[in-house]
**Q** 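Take a look at the following structure, please.
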Amino acid sequence: MIIQSSRMETASGFSSTCRHVFHGSGNKEIEVLQGSEFDVMTIFNRASVRDDKYAMRHFKISPKETMTREQMKDVLGMLAYEFGFNPADAIIIEHAKDRADPTAFDRHWHVDVPERLRSGKIMDNRAMRIRQEKISRLSEIKFGHQIVHGRHQEAVIKELENTGRKFLAEKIRQATPDLSHRPKSAFTFAQQRMAERNGISLPDVRQRLKDLRISCDTFSGMIEQMEGMGLHVKKGDKENTYIIVTHDNNFLGSANRLLGMKKQEFSQEYESYVAGMDTKYEPVEGGSSLVVTETAPEKPMERAVNHIPPDGGNKVRPPSEPRKSAQIPVSSGHVHADLANDTSKTTEAMSREEKTAIHAQNADRMQASQTIRKMLADQEEFHRKLLELDKQFQSRWSHIKPEPFPDEKDRNPVIIRERHEGILRPLRDKYLTEKQKWLNGSSTRKALQEFQSALKKLRYDRDDFKALDMANNEKDFSYCLNWMADFYVAGRERTRREWAEDLSVQSYVKAKKDFDDLLNYIKKTGDVTVLETAMKNPVHALQMIRRMKKPEAGSGGSRRSGPSVKISFDR
C-alpha cells in the first residue's frame, strides 16, 4: 500500500484540485463518499480569509491488493489519529482506474482535509512521509496484505521499536531483509500530473519499459525499441544522470528509475552502447520485480505456479538444454488475507525448489496468523483494562450526586424562553382562535383549560402573575415568559453552586481531573506499564507520569523514563 500526501497552497486555488479529483477523465468511475466540491471551495476560502499559506492536506491511498471501503476507513482513522484531524472533516473520493499492472487493485482513494484543525492549530507536517509509511505497513499487517519495501522502512522499524511495538517492527524487518536498499519512486506526483496534461500515462510507460527490459537480450535492442515507441534517452543536468523524453521533448522522468535499474548500472550500460561496445546481458527473469517505487513484489506462490509447464513438467528436454532451477524467493513477511485457511498444496509435478517454497510459505502464514492473533489479543486486553479502570473510579465515587444541569443550554435564559414559548404559544393561539368563533363556548373553554394546564405544569401559576392576563394580553404573556426564564436560570445556578460548594463534590472534581489526565495519557501513549500500575494504585500511576513529564517543562530538558511496553492506538 502506498500513502502519499501533499500540502495544497491557498494561492494555487481549488480549481485544479477539484478538476482532477472530482472530474478526472482518466478514471473509469468516480464516486464521492463524503463531502463535496463545495466543501473544498469553503476550505480554500476560509484559508484565504485567514491568510494561511496552506489550505488543505491531500492524501492519496493506493493499495496494491484488494481493499474494501471499510478497510479504507480504518486507514483514514489511523491517519486522523496520527495527524490530529477529525475524520468527519475529510472529503473522500473513490477512483476506479485501470492500472498499468493488471494484477493490481483498480481502486484508490483521495482524501482532502483542512490544514487548520478544529482546535485552530495547523496540522503537524513533521516527518510526514515516515509517518505515512508507518501507517501503510501497519495497514498491510492488519489487512493481511504483502508487506511492501518502502523508502523509509528502517525509520519505521525504529519508530515502532521505540514505542514498544517490537513484534510489529520484527514482522516488517523479516519481510525486508535488505534495509540498506532504499527504493525510489519512478516519478513524482507532479511529474505524473504534468504528463497526464500532455496525454501521457507514466504508469503505462513504466510498465511498457519494464516489459522491454524483460524481453530484450541486449541493452542496445532495448534502446532501439524505446525509440520505436517515440521515447529517447538524453543526458540530464547532473553527472551520470540520464532522462527519458518523448519525441516532442516532453520530460518523463529519470531513465534508471523508469527502467528499474541502479543509476550507475544504467550509466555504464548506456555509455557502452554509445561507444558501440557489446551490450548483451541476460534478460531479467519475467517474474522478478523491477518496479523500484513502493510497490509489492510478486507473490512467491504466483511465481511457483508460473514456473510449472503446461504439460505438468514431464516434457523431455534435449541434452543441450539443461533444466533450469526455478529461482523462487521466499518472502518471510507475507501475511495472507485468510490467515487460518489460506494454505497451498504441493503436487507431484512440482520441482523440489517449488515444493520448498510452498512449504516455507505455509509455515510463514501460520507464523503470521499467530502474530496477528497475539496483537489483537493484546489490544483487546488493553481496552478491557481501560474499561475496568474507569469502572473502578466510578464505583469509588458512586455516592456523589451527578452534576446538576451540566449543559449550558439548560442555563441560558434565551433558550429556556424559546422552549417555553414553543409549548405555550400554540395552545394560546388555539384558544384565541376558538374564542373568535360564534356559538363555540365548549371548544373555547377546552382550549383555555389546555393552556392553563400547560402554565401550571411549567409553574406559571404563581401569585406574582395573578393580576396578569396571559391568555388575552400579549404584553402580559411576553413579560411572564421573560420573568420565568430568568427565574429558571437563577434556580438552576443556585442548585449548581450548592452542589459545587459541597466538600465531597470538591474532592470528586479534583480526583476526576487527575483521573482524566491519567486516562488520556494512557490512551495517547498506550503505556501498558502505567496502566497496570493504575489498576493497583491510580495515585502512584499519576505520580509516575508527572515525573516523566516534569523534565519537559524546563528548557533543554530531556524526558527520561524506565522501560515500558506500549500498544499503539491505530485508530
Side-chain angles (χ1 to χ4, degrees), residues 1-10 12-15 17-24 29-50 52-63 67-96 107-126 128 131-132 134-136 138-139 142-143 379 382-383 386-387 390 406-409 415 516 519-526 568-571:
M1 179 186 300
I2 302 174
I3 298 177
Q4 299 171 310
S5 71
S6 56
R7 305 179 77 192
M8 314 301 290
E9 291 192 8
T10 306
S12 67
F14 54 83
S15 299
T17 301
C18 288
R19 185 166 55 249
H20 170 68
V21 173
F22 291 93
H23 309 286
E29 182 183 340
I30 297 176
E31 185 170 354
V32 180
L33 305 182
Q34 182 172 298
S36 64
E37 287 186 73
F38 178 78
D39 293 328
V40 175
M41 295 165 57
T42 302
I43 291 171
F44 272 87
N45 289 338
R46 287 175 179 172
S48 178
V49 169
R50 290 189 295 256
D52 290 340
K53 182 178 180 180
Y54 296 101
M56 193 171 69
R57 185 80 57 90
H58 180 90
F59 294 96
K60 182 181 177 183
I61 304 171
S62 303
M67 194 168 87
T68 65
R69 288 179 181 175
E70 290 302 317
Q71 290 174 330
M72 179 274 296
K73 290 178 181 177
D74 284 346
V75 177
L76 176 60
M78 295 183 201
L79 287 170
Y81 182 80
E82 183 69 34
F83 292 98
F85 64 85
N86 192 321
D89 297 335
I91 298 122
I92 308 170
I93 304 95
E94 180 181 273
H95 284 188
R107 292 180 185 271
H108 64 272
W109 291 270
H110 294 271
V111 178
D112 293 328
V113 185
E115 274 281 338
R116 188 173 290 276
L117 304 174
R118 289 187 177 186
S119 62
K121 297 181 179 179
I122 297 297
M123 193 188 306
D124 184 17
N125 69 319
R126 292 173 297 178
M128 227 170 29
R131 294 158 75 185
Q132 289 165 186
K134 177 186 70 175
I135 293 171
S136 294
L138 294 175
S139 299
K142 184 174 183 180
F143 304 148
Q379 290 183 347
F382 187 86
H383 286 285
L386 274 180
L387 291 174
D390 185 57
D407 191 345
E408 291 185 2
K409 292 180 180 179
I415 295 176
D516 287 343
L519 204 63
N520 290 335
Y521 173 84
I522 295 173
K523 287 180 178 179
K524 184 177 179 180
T525 64
S568 170
F569 281 82
D570 293 334
R571 294 192 65 184

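Keep in mind that this is a model prediction, so the values were computed, not measured. In this chain, residues are counted from 1 in sequence order.
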**Q** About how many Å separate CD of Gln34 and CD1 of Ile93, when rounded to the nearest 0.5 Å?
**A**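 Output value for this atom pair is 9.5 Å.
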
**Q** Which heavy-atom pair separates Ala55 from Thr10 by the least distance, and what is that distance?
**A** N-OG1, 3.3 Å

**Q** If you apply the rule side chain to side chain contact (heavy atoms under 4.5 Å, CB included), what do you find for Ile61 with Met67, and how did you get there?
**A** CA-CA 10 Å; Ile61 304 171; Met67 194 168 87; 4.0 Å; yes

**Q** Atom CZ of Arg57 and atom CE of Met123: how far apart are they, to the nearest 0.5 Å?
**A**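 Answer rounded to 0.5 Å: 5.0 Å.
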
**Q** Apply the test side chain to side chain contact (heavy atoms under 4.5 Å, CB included) to residues Phe143 and Val75: give CA-CA distance (whole Å), side-chain angles for both, the deciding distance (0.1 Å), then the verdict.
**A** CA-CA 10 Å; Phe143 304 148; Val75 177; 3.6 Å; yes

**Q** Return the minimal non-hydrogen interatomic distance between Phe382 and Gly526, and the atom names on each side.
**A** CZ-CA, 3.7 Å

**Q** Shortest non-hydrogen contact from Arg126 to Arg131?
**A** O-NH1, 2.8 Å

**Q** Which residues satisfy the side-chain contact (heavy atoms from CB on, under 4.5 Å) test with Arg116, sequence neighbours excluded?
**A** Arg50, Asp52, Ile122

**Q** So which atom in Leu117 and which in Gly84 form the shortest heavy-atom distance, rounded to 0.1 Å?
**A**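 That would be CD1-O, 3.6 Å.
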
**Q** Is the side chain of Ser48 donor-acceptor paired with the backbone N or O of Phe44 at a distance under 3.5 Å, no angle test?
**A** no

**Q** Of all the heavy-atom pairs spanning Ala96 and Arg107, show the shortest one and how long it is.
**A** CB-NH1, 3.4 Å

**Q** Does the side chain of Glu82 reach to within under 4.5 Å of the side chain of Met128, using non-hydrogen atoms?
**A**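 They are not in contact (no side-chain heavy atoms under 4.5 Å apart), so the answer is no.
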
**Q** Taking the side chain as C-beta and beyond, is there a heavy-atom pair between His95 and Glu29 under 4.5 Å?
**A** no

**Q** What heavy-atom pair brings Ala90 and Val111 nearest, and what distance separates the two atoms?
**A** CB-CG1, 3.8 Å

**Q** Quick one about His23 and Glu37 (side-chain donor to acceptor, distance below 3.5 Å, no hydrogens or angles considered), yes or no?
**A** yes

**Q** Are any of the side-chain heavy atoms of Met1 and Ser62 separated by less than 4.5 Å?
**A**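 No - every pair of side-chain heavy atoms lies 4.5 Å or more apart.
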
**Q** Enter the distance from Ser136:OG to Gln4:CD here, rounded to the nearest 0.5 Å.
**A** 9.5 Å

**Q** Within the structure provided, determine whether Tyr54 and Asn125 are in side-chain contact (heavy-atom separation under 4.5 Å).
**A**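 Counting from C-beta outward, Tyr54 and Asn125 never come under 4.5 Å.
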
**Q** Could you measure the distance from the CD1 atom of Ile135 to the NZ atom of Lys142? Nearest 0.5 Å is fine.
**A**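 Here the rounded value is 11.5 Å.
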
**Q** Calculate, to the nearest 0.5 Å, the distance between atoms OG and CE belonging to Ser139 and Met78 respectively.
**A**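 Rounded to the nearest 0.5 Å, the OG-CE separation comes out at 4.0 Å.
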
**Q** Got a donor-acceptor contact below 3.5 angstrom from the Asp390 side chain to the Leu387 backbone?
**A**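 No, Asp390 side chain to Leu387 backbone: no donor-acceptor pair under 3.5 Å.
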
**Q** Quick one: does any side-chain atom of Tyr81 pair with a main-chain N or O of Lys524 as donor and acceptor, under 3.5 Å?
**A**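 Pair found, side chain donor or acceptor close to backbone of Lys524.
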
**Q** Can you sort out the partners of Phe83 under ring pair (Phe, Tyr, Trp, His ring centres under 6.0 Å), two or more places apart, ordered by chain and number?
**A**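 By the ring pair (Phe, Tyr, Trp, His ring centres under 6.0 Å) rule, Phe83 matches Phe59.
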
**Q** Could you check whether any side-chain N or O of His110 sits under 3.5 Å from a backbone N or O of Ile92, counting only pairs where one atom can act as donor and the other as acceptor?
**A** no

**Q** Can you name the residues that form a salt bridge (charged side-chain N to carboxylate O under 4.0 Å, His left out) with Arg46, not counting sequence neighbours?
**A** none

**Q** A side-chain contact here means heavy atoms from C-beta on lying under 4.5 Å apart; do Asn86 and Asp89 qualify?
**A** yes

**Q** Check whether any side-chain heavy atom of Val40 lies under 4.5 Å from a side-chain heavy atom of Ile91, and answer yes or no.
**A**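 A side-chain contact under 4.5 Å exists here.
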
**Q** Hey, are Arg69 and Glu31 close enough for a salt bridge, meaning a charged N less than 4.0 Å from a carboxylate O?
**A**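 Judged by the 4.0 Å cut-off on N to carboxylate O distance, Arg69 and Glu31 do form a salt bridge.
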
**Q** Measure the CD1-CD distance between Ile30 and Glu94 for me, rounded to the nearest 0.5 Å.
**A** 11.0 Å

